[in-house]
Amino acid sequence: MSGTSPAVEADGLHKRYRAKVAVDDVSLSIQGGEIFGILGRNGAGKTTTVELIAGLRRPDRGTVRVLGVDAHRDRARLRQILGVQLQESQLHAALTVTELVRLYRTFYRDPLDAGELIESVGLTASRGTRFQNLSGGQQQRLSIALALVGRPRVVILDELTTGLDPEARRQMWATVAALRENGVTVLLVSHAMEEVERLCDRVALLDAGRVVALDSPAGLVRRAGFAQRVTFVPAGPVPEGLLEGLLEGLGEVERVRADGGRVVVEGRDDLLQAVSVALVRAGVVVTETRGERATLDDAFVALTGRHLEHEEVR
């Protein structure tokens, strides 16, 4: 991350829609050159939060400053430094990819080259296609291109790779990584855990309109209470309490629990080796042994008590 002054400062944001509180006292400080992720289940307030930061909605209370610019009082200056790609972008259906990019270039003082930008998002072959005839994934790529056309210093990307095939997804990841290398600050809203873990420096977990945790992806996994998991199935009957007594004494083990006929061991360090050696020494034969590290998805469940769903509801 570059610099010490926050690129985005949101302080005490609150937004209500009739009886529903969508955003409840959200404060975020995002550093320059940081890729900052926002995760949350349906209705957690993610989209409303980024719309407040982008100046697209006015908070009932609270303030937002982007590179020192008040997001709600100076919209003209904000548009010159902030690029926004939202999940549900509405563009002129009859215009082609090239026409839309050229139109958006006129909004900025020093825009990117149209051809190079279209190529960077993989739309060269579709540059003459009208927006209404693009696939969902192609429309998504175009909306990302339009968010970047003005060389913004801060970019909001909402569900960056929705509808993209694996190759296009990797291309978008490379584009975002290149933005960070150039000092651009990225605010990324995503349901794709792999995407968040790969790209984000820090992540805020939203639940019921509030920030319930904020840390690096690895930090959130650590806060989930375990770093690794080993599962296995005993090959035959095991005396009650034997496995718990055998494994809970290991320094690497933090918890042992039964899950149907399967035993789940959670812990840290070289957990798989420690468990395997202990079982062999005790003469316990097991099958279906599997070692895995805790993921951001595990952390989300542990910290919010819910699984992440895959449809965005404001």
Side-chain angles (χ1 to χ4, degrees), residues 35 38 46-48 50-51 53-57 66 71 75-192 195 198-199 310-314:
I35 300 179
I38 294 183
K46 304 185 303 300
T47 294
T48 300
V50 296
E51 288 178 344
I53 291 173
L56 299 175
R57 292 184 184 272
V66 179
R75 294 284 304 279
R77 286 182 62 196
L78 183 68
R79 283 195 295 269
Q80 293 299 317
I81 59 175
L82 176 68
V84 182
Q85 171 265 321
L86 296 178
Q87 192 176 2
E88 298 179 1
S89 298
Q90 298 297 323
L91 299 172
H92 197 296
L95 294 182
T96 67
V97 168
T98 297
E99 289 169 343
L100 282 165
V101 172
R102 287 176 176 170
L103 172 63
Y104 272 65
R105 290 183 80 251
T106 66
F107 302 157
Y108 302 99
R109 291 187 291 268
D110 182 28
L112 292 170
D113 178 79
E116 292 178 2
L117 181 59
I118 290 170
E119 181 179 3
S120 73
V121 296
L123 287 176
T124 300
S126 303
R127 59 187 180 275
T129 304
R130 297 178 189 272
F131 180 78
Q132 62 188 1
N133 295 327
L134 296 174
S135 68
Q138 290 171 329
Q139 291 182 359
Q140 181 81 342
R141 293 192 223 181
L142 177 57
S143 65
I144 293 166
L146 299 180
L148 302 179
V149 68
R151 302 181 191 268
R153 294 167 59 195
V154 179
V155 179
I156 294 175
L157 301 174
D158 189 0
E159 299 298 344
L160 171 69
T161 55
T162 296
L164 300 187
D165 59 54
E167 181 179 356
R169 186 178 303 118
R170 287 191 295 271
Q171 185 178 18
M172 284 299 102
W173 289 349
T175 297
V176 173
L179 289 172
R180 175 170 51 190
E181 292 300 315
N182 290 325
V184 177
T185 304
V186 180
L187 181 54
L188 179 66
V189 180
S190 177
H191 280 99
E195 181 170 284
R198 177 186 292 255
L199 294 176
H310 295 276
E311 289 180 42
E312 172 59 21
V313 177
R314 241 186 221 56

Please name the pair of heavy atoms, one in M172 and one in L164, separated by the smallest distance, quoted to 0.1 Å. CG-CD1, 3.4 Å

Looking at D165 and E167, would you say the former's side chain and the latter's main chain have a donor-acceptor pair under 3.5 Å? yes

Side-chain contact test, heavy atoms from C-beta onward, threshold under 4.5 Å: evaluate it for L187 versus I38 and give yes or no. yes

Under 4.5 Å between any side-chain heavy atoms of V176 and L188, yes or no? no

Minimum heavy-atom separation for S190 to E195, with atom names? OG-OE2, 2.9 Å

Rounded to the nearest 0.5 Å, how far apart are CG of L91 and CD of Q139? 8.0 Å

Show which side-chain atoms of residues 114-125 pair as donor or acceptor with protein atoms under 3.5 Å away, not counting sequence neighbours.
| from | atom 1 | to | atom 2 | distance (Å) |
| --- | --- | --- | --- | --- |
| S120 | OG | L117 | O | 2.7 |

Test side chain to side chain contact (heavy atoms under 4.5 Å, CB included) on F131 and L134 and set out the steps. CA-CA 5 Å; F131 180 78; L134 296 174; 4.0 Å; yes

Write down the atom of L148, the atom of L112, and the distance for their closest heavy-atom approach. O-CD1, 3.2 Å

With R151, which residues qualify under side-chain hydrogen bond (donor to acceptor under 3.5 Å, both in side chains), at least two apart? D110

Would you indicate whether the side-chain heavy atoms of F107 and V149 approach each other to under 4.5 Å? no

Take atom CZ in R127; do more than 12 heavy atoms of anything else shown fall under 6.0 Å from it? no

Between L82 and I156, is a side chain to side chain contact (heavy atoms under 4.5 Å, CB included) present by the stated rule, with each step listed? CA-CA 8 Å; L82 176 68; I156 294 175; 4.1 Å; yes

Less than 4.5 Å apart, any side-chain heavy atom of D158 and any of V84? no

Answer yes or no: are there more than 12 heavy-atom neighbours, outside R75 itself, under 6.0 Å from its atom CZ? yes

